[in-house]
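See below for the structure under consideration.
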Amino acid sequence: QVQLVESGGGLVQAGGSLRLSCAASGLTFSNYALGWFRQAPGKEREFVAAINWNGASTNYANSVKGRFTISRDNAKSTVYLEMNSLKPEDSAIYFCATGPKWSSVTSLSAYDNWGQGTQVTVSS
């Protein structure tokens with residue numbers, strides 16, 4: 001049974017930083033690409049960032065490019081999202097997910113397994 005557990009969310013002031021973690025179990029972690037998505041109240045879940053199986057390739061939404069960095073540690077079965085220069089519009093529940101083919105990495109429907117999410121709130 002695949003399990004993804006996010007952590008690291010919280011309340012931060014605009015301009016601040018947070019580092020999210022997503023610990024995976026129940027799968028051969030290094031075989032899979034992983035992604036981060038977010039969902040704000042009343043909005044659809046949207047793609048944030050993704051990383052391929054060995055970390056050599058990444059993909060970012062335009063809204064976070066240059067501010068967020070995705071990375072992974074296959075030895076720890078964990079993927080990270082470093083978020084800098086946070087803005088109030090970054091406030092959302094952040095989810096990690098796995099399972100996509102790299103060609104579909106920005107598509108919600110391409111992911112098989114999801115975590116429960118972690119709340120990020122950025123105050124102005």
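Atom set for the values below is all heavy atoms of this structure, side chains included, hydrogens, waters and symmetry mates excluded. Fair warning: this is a prediction, and the values are worked out from it, not measured in the lab.
- Here Q39 pairs with R45 under the side-chain hydrogen bond (donor to acceptor under 3.5 Å, both in side chains) rule; sequence neighbours left out.
- Remark: R19 is positioned above the aromatic ring of Y80, its terminal NZ or CZ atom under 6.0 angstrom from the ring centre and at most 45 degrees off the axis.
- Interatomic distance, OG of S30 versus CG of D73, reported as 11.5 Å (0.5 Å rounding).
- Here the side chain of T118 pairs a donor or acceptor atom with the backbone of G9 at under 3.5 angstrom.
- No more than 12 heavy atoms of other residues, nucleotides or ligands lie within 6.0 Å of CH2 in W53, so this atom counts as exposed by the packing criterion.
- Nearest heavy atom pair, residue P100 against residue A33, reads CD-O, 3.6 Å.
- Ring centroid separation for the pair F37 and F47 comes in under the 6.0 Å cut-off.
- Expressed to the nearest 0.5 Å, how far OG1 of T78 lies from CD of E6 amounts to 11.5 Å.
- Summarising the hydrophobic clusters (Ile, Leu, Val, Met, Phe, Trp, Tyr; side-chain heavy atoms under 4.5 Å, direct or chained), the residues clustered with V48 are V12, L18, L20, F29, L34, W36, I51, Y60, V64, F68, I70, V79, L81, M83, L86, Y94, V120, V122.
- Contact record, C22 with L4: SG-CB, 3.9 Å, taken as the closest heavy-atom pair.
- Here the CZ-OG distance, from R67 to S85, works out to 7.0 Å after rounding to the nearest 0.5 Å.
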Worked verdict on W114 versus L108 for side-chain contact (heavy atoms from CB on, under 4.5 Å) = CA-CA 10 Å; W114 293 83; L108 196 75; 3.4 Å; yes

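- The distance from atom OG of S7 to atom CD of Q116, rounded to the nearest 0.5 Å, is 9.0 Å.
- Under a hydrophobic-cluster definition in which Ile, Leu, Val, Met, Phe, Trp and Tyr are linked whenever side-chain heavy atoms come within less than 4.5 Å, directly or via other members, V2 and V105 are assigned to different clusters.
- For N54, the side chain to side chain contact (heavy atoms under 4.5 Å, CB included) partners are N52, A56, not counting sequence neighbours.
- The side chain to side chain contact (heavy atoms under 4.5 Å, CB included) check on E89 picks up K87, with sequence neighbours excluded.
- No donor-acceptor pair under 3.5 Å is formed between the side chain of Q3 and the backbone N or O of A24.
- In plain terms, the two heavy atoms of A92 and A40 that are nearest each other are CB-N, 3.8 Å.
- Applying the side-chain hydrogen bond (donor to acceptor under 3.5 Å, both in side chains) test to pairs two or more places apart or on separate chains, those with a residue in residues 97-110 are S107-S109.
- Considering only residues two or more places apart in sequence or on other chains, R38 meets the salt bridge (Lys or Arg N to Asp or Glu O under 4.0 Å) condition with E46, D90.
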